[in-house]
Amino acid sequence: MAILTGSCRFGLWHVHVAWQDDLVYRVRFARESIAGSVPEEILRYCAGRPADLASLRSVATEGDSTFAGIYRAVRAIPCGETVTYGEVARIVGTAPRAVGAAMARNPTPIVVPCHRVVAKTGMGGFSPDLAIKEILLEMERRGDVCAPEKRGINR
DNA sequence: CCAGGCTTGGAGG
DNA sequence: CCTCCAAGCCTGG
């Protein structure tokens, strides 16, 4: 089976995704949409509905490179919370600047929630547009997209 | 080897 | 409070 590509709407942006089953290869924000679908959980997330992003995997966390370790640490940040570049750095044993560089090159935003990593003094950055980061954090802070503890018993 | 990159903490005005 | 500056770590070219 080949890798699928597709996009879904997110406010003024379109989220392009390259994926296969539960493995995500690439995610990027763009102005235009493209044909094709995206993973169910990403679709739910972009629609502002509860989504279980943890059920997806990202190629970014594979391997034992420093960046992979950083991406894994970032994935561990709970929905609705934020951590500073410096804190992530301490966790994986590297420098804040390296964390910033890793976030700047994150191949799969959202799946690896780089928007939850902020500067000690403020928002920190986010490409292609800092506004996206602010919207994502606001959305999560309200709890709209944060998945219930598990699946389960009720709902 | 070298230039950056979504940082940070300290010095100085 | 604000600007400036260097230390620090990693990856791609």
Side-chain angles (χ1 to χ4, degrees), chain A residues 2-3 5-20 22-34 38-39 41-147:
Chain A
I3 294 177
T5 57
S7 72
C8 67
R9 188 72 177 292
F10 179 69
L12 301 172
W13 298 83
H14 289 279
V15 180
H16 293 207
V17 186
W19 56 293
Q20 182 176 31
D22 64 337
L23 180 60
V24 179
Y25 291 83
R26 198 113 317 178
V27 174
R28 73 185 187 84
F29 291 89
R31 289 302 193 180
E32 340 70 42
S33 67
I34 58 174
V38 303
E41 297 307 319
I42 289 181
L43 182 61
R44 294 171 58 81
Y45 185 86
C46 290
R49 298 156 57 204
D52 178 25
L53 297 177
S55 66
L56 294 173
R57 290 183 298 137
S58 165
V59 291
T61 61
E62 296 177 346
D64 55 353
S65 65
T66 297
F67 272 26
I70 290 174
Y71 294 135
R72 282 193 287 274
V74 172
R75 284 214 72 180
I77 303 171
C79 183
E81 292 178 33
T82 60
V83 174
T84 67
Y85 295 97
E87 292 175 315
V88 173
R90 274 195 296 99
I91 294 174
V92 306
T94 185
R97 205 81 174 67
V99 175
M103 295 306 97
R105 292 187 194 153
N106 178 10
T108 63
I110 298 182
V111 179
V112 170
C114 55
H115 57 281
R116 293 177 194 157
V117 184
V118 300
K120 188 174 188 180
T121 57
M123 281 297 280
F126 193 90
S127 50
D129 191 333
L130 184 57
I132 295 174
K133 186 175 187 174
E134 300 176 322
I135 293 174
L136 291 176
L137 289 178
E138 170 59 21
M139 195 168 76
E140 296 188 351
R141 197 169 61 65
R142 285 198 305 262
D144 296 346
V145 297
C146 299

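Every chain is numbered from 1 and lettered A, B, ... according to where its sequence line falls, protein lines coming before strand lines. Heavy-atom basis, side chains included; hydrogens, waters and symmetry copies ignored.
Within residues 100-109 of chain A, the residues approached by DNA chain B to less than 4.0 Å at the level of any non-hydrogen atom are A:Gly100, A:Ala101, A:Met103, A:Ala104, in residue-number order. Of the residues in residues 119-140 of chain A, those with a non-hydrogen atom less than 4.0 angstrom from any atom of DNA chain B are A:Ala119, A:Lys120, A:Gly125, A:Phe126, A:Ser127, A:Lys133. Within a heavy-atom distance below 4.0 Å of DNA chain C, no residue of residues 75-89 of chain A is found. DNA chain C is contacted by A:Ser65, A:Thr66, A:Phe67 of residues 61-72 of chain A, taking any non-hydrogen atom closer than 4.0 Å.
Between the side chain of A:Glu87 and the main chain of A:Thr84, a donor-acceptor pair closer than 3.5 Å is present. Between the A:Lys133 side chain and the A:Val118 main chain, no donor and acceptor come within less than 3.5 Å of each other. Side-chain N or O atoms of A:Arg44 include none that pairs as donor or acceptor with a backbone N or O of A:Cys46 at under 3.5 Å. Remark: side-chain polar atoms of A:Thr108 are not paired, donor with acceptor, to backbone N or O of A:Val111 under 3.5 angstrom.
In this view, A:Glu138 and A:Arg141, A:Arg142 satisfy the salt bridge (Lys or Arg N to Asp or Glu O under 4.0 Å) rule, not counting sequence neighbours. Residues satisfying the disulfide bond (SG atoms under 2.5 Å apart) test with A:Cys8, not counting sequence neighbours, are none. Applying the side chain to side chain donor-acceptor pair (under 3.5 Å) test to A:Asp129 and every residue at least two apart in sequence or in another chain returns nothing. With sequence neighbours excluded, no residue satisfies side chain to side chain donor-acceptor pair (under 3.5 Å) with A:Arg75. Listed by chain and number, the residues in a salt bridge (Lys or Arg N to Asp or Glu O under 4.0 Å) with A:Arg105 amount to none (sequence neighbours excluded). Judged as a salt bridge (Lys or Arg N to Asp or Glu O under 4.0 Å), and not counting sequence neighbours, A:Arg97 has no contacts.
Summarising the geometry, atom CG belonging to A:Leu136 is positioned 9.0 Å from atom CZ belonging to A:Arg116; distances are rounded to the nearest 0.5 Å. To the nearest 0.5 Å, atom OH of residue A:Tyr25 and atom CD of residue A:Gln20 are 4.5 Å apart. To the nearest 0.5 angstrom, A:Ile70 atom CD1 is 12.0 Å from A:Cys114 atom SG. Within the model, atoms CD1 of A:Ile135 and CZ of A:Phe10 stand 5.5 Å from one another, a figure rounded to the nearest 0.5 Å. Atom CZ of A:Arg26 and atom NE2 of A:His16 lie 14.0 Å apart (nearest 0.5 Å). Expressed to the nearest 0.5 Å, how far SG of A:Cys146 lies from CE of A:Met139 amounts to 8.5 Å.
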Structure string for DNA chain B in dot-bracket form, Watson-Crick and G-U at under 3.5 Å, | interchain: |||||.|||||||
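A side-chain donor from one of A:Glu140 and A:Tyr45 sits under 3.5 Å from a side-chain acceptor of the other.
Where DNA chain B meets chain A (any atom under 4.0 Å from a heavy atom), the bounding nucleotides read 5' to 3' are B:dG5 to B:dG9.
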